[in-house]
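In what follows, a single structure is set out as structure tokens and then discussed.
All heavy atoms count here, side chains included; hydrogens, waters and symmetry mates do not. In what follows, chains carry the letters A, B, and so on, assigned in the order in which the sequence lines appear, proteins first and then strands, with residues in each chain numbered from 1. Everything numeric in this text was worked out from a predicted model, so none of it was measured.
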2 protein chains.
Amino acid sequence: MSAATTARDRARVEITRTIQDTARRHLGEVGPAALSLRAIAREVGMVSSAVYRYFPSRDELLTALITEAYDELGAALEVADAAVPADDVAARLRAVCLALRAWSVAHPHEYALLYGSPVPGYAAPDTTTPAAGRVTGVLMTLAEASERAGHVMAPTVPADPSERDALGGIRALLPLEVSDERLVRWLMAWALLFGHLSLELFGHMHRGILDYDRHFRQVVEQLVRDLGLTGDDA
Amino acid sequence: MSAATTARDRARVEITRTIQDTARRHLGEVGPAALSLRAIAREVGMVSSAVYRYFPSRDELLTALITEAYDELGAALEVADAAVPADDVAARLRAVCLALRAWSVAHPHEYALLYGSPVPGYAAPDTTTPAAGRVTGVLMTLAEASERAGHVMAPTVPADPSERDALGGIRALLPLEVSDERLVRWLMAWALLFGHLSLELFGHMHRGILDYDRHFRQVVEQLVRDLGLTGDDA
DNA sequence: AACAGAAGAGAGCAGTGCTCTTGCTTTCGT
DNA sequence: ACGAAAGCAAGAGCACTGCTCTCTTCTGTT
């Protein structure tokens, strides 16, 4: 059993980090699809084949970047969430939404890597799912908090009985019990947020929205309202 | 001036179509990023350089495919919309939403091409915007119809005065006057729909939603409700 | 029938991911 | 302490990509 970290071990993790960092920089500059393993190797100062000692394939490198990005985003959301009184769910949602957009706008290529079209041959391995769950987990935690606080949502369509089964996957991941109706509304919030960001970052709002920041805040306000997080309802 | 269509002209459009059709087939099979001009040429039965007589670059070919896809989707939505009584905006929205999802699920790669991360070096020229507008136009038409019908939306946050300017782009594209609040809600519907589809098609709902179809219908119902398209409000 | 222009073929350039072989160095077990 | 074993870097090479350039062939028009 040699748990001792040899010099080679240290060099390995260091070089691995160097590669991943340069990859990350390249990602931020040229985007996921244009990521070139050879270009990265060139900049790190080694020949392309040497990189394969550290990442068995370009996809593995992508996976590392994906996980890292998910974690970074998740952490940003958690920090934003924690910076606000825990019992003020409306404020927490606002903070999380703004943090989400701030990170996405600051890292559009990373956003595209996470939530854009999947890279062609690439199929995300299960390694990334926990990191990905960290992001959605923040929203789901808020959903639970809202349920616990007993917030009254805007007029909501009663969930079809079969909807309960349709939501089975999520429910298994949630510690707390949340009503179908509330779950649906929070899933809609989830889709709305990422839809908004995708449309904005991928250029589909270019001709329509003149002030992204302003409009986003309006949307978040409406979201807070629909979820019933403001004291006054209807 | 020879406006007469010579045999060569006819051959040209025919071959152009053949290339585009093969490209379209490949697109449906391997996705946008993996589209290979050489592979297409190979299948059409000519050498790669010959294709450049018809499409000056791979990007031009992509542009053609994008425009085509937008048009196809737009047409599908228009057909679905027209198949329902014009004065029943709720029914029209339901039909459009279901048609949107049906097309997207049937053509995931085309969806990714249109609404996923933009292709690396590629910047969509203005040629595609009218076709793209056709899709969003369907939704905006419904928004106008709803305004005209005087539907009362679910409790809505009053729009900040500055929001009016933020929405300037859209408003310039809309023939009818629609209130800021209603516009915001319909833009949210737009973002929600494409967010939902992106999350679904790009695999982010994989662990959470067991019955996509069922869940989507529930979401659409809630959407109809929030937009105030059902007779009974709150 | 002659000619100009369009179309196709092929070679070639620079780039990609990835594999395999060849040396070299560090580590580990005896 | 030394030899074996494992790890690492480099280079050549394969199959592929988009794209350009040249050369030839073919074809529609006058």
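Partners of A:Arg171 under the side chain to side chain contact (heavy atoms under 4.5 Å, CB included) rule, at least two apart in sequence or in another chain, are A:Arg164, A:Leu167, A:Glu177, A:Asp180, A:Leu183. Taking B:Glu144 as the reference, nothing meets the side-chain hydrogen bond (donor to acceptor under 3.5 Å, both in side chains) condition, with sequence neighbours excluded. Remark: A:Arg17 pairs with A:Asp21, A:Glu68 by the salt bridge (Lys or Arg N to Asp or Glu O under 4.0 Å) rule, at least two apart or across chains. In this structure A:Asp165 satisfies the side-chain hydrogen bond (donor to acceptor under 3.5 Å, both in side chains) test with no other residue, sequence neighbours excluded. Applying the ring pair (Phe, Tyr, Trp, His ring centres under 6.0 Å) criterion to B:His26, with sequence neighbours excluded, gives no partner residue. The side chain to side chain contact (heavy atoms under 4.5 Å, CB included) check on A:Ala132 picks up A:Tyr70, with sequence neighbours excluded. Not counting sequence neighbours, the partners of B:Asp71 by the salt bridge (Lys or Arg N to Asp or Glu O under 4.0 Å) test are B:Arg134.
At the heavy-atom level, B:Phe55 lies nowhere under 4.0 Å from the strands shown. Using a 4.0 Å heavy-atom criterion, one finds that A:Leu35 contacts the sugar-phosphate atoms exclusively. Using a 4.0 Å heavy-atom cutoff across all strands shown, A:Arg38 reaches at least one base atom of the nucleic acid. Backbone-only contact: A:Arg42 has heavy atoms under 4.0 Å from sugar-phosphate atoms and none from a base.
Distance A:Leu37 CG to C:dT16 P: 10 Å, rounded to the nearest Å. Put simply, CG on A:Asp59 is 6 Å from P on C:dC18, counting in whole angstrom units.
DNA chain C is contacted by B:Met46, B:Val47, B:Ser49, B:Arg53 of residues 43-53 of chain B, taking any non-hydrogen atom closer than 4.0 Å. Remark: B:Arg12, B:Ile15 in residues 12-24 of chain B come within less than 4.0 Å of DNA chain C through at least one heavy atom.
Side chains of A:Gln218 and A:Arg214: a donor on one and an acceptor on the other come within 3.5 Å.
Pairs of residues two or more places apart, or lying in two chains, that qualify as side chain to side chain donor-acceptor pair (under 3.5 Å) and include a residue from residues 93-102 of chain B are B:Arg94-B:Glu221, B:Arg101-B:Glu200, B:Arg101-B:Asp213.
The only member of A:Val138, A:Val96, A:Thr141 that meets side chain to side chain contact (heavy atoms under 4.5 Å, CB included) when paired with A:Glu78 is A:Val138.
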With 3.5 Å as the limit, what N/O pairs link the protein to nucleotides 24-28 of chain D?
residue, atom, partner, partner atom, Å
D:dT27, O4', B:Arg8, NH2, 3.2

Which pairs of donor and acceptor atoms, one on a side chain in residues 47-55 of chain A, lie under 3.5 Å apart (sequence neighbours left out)?
none

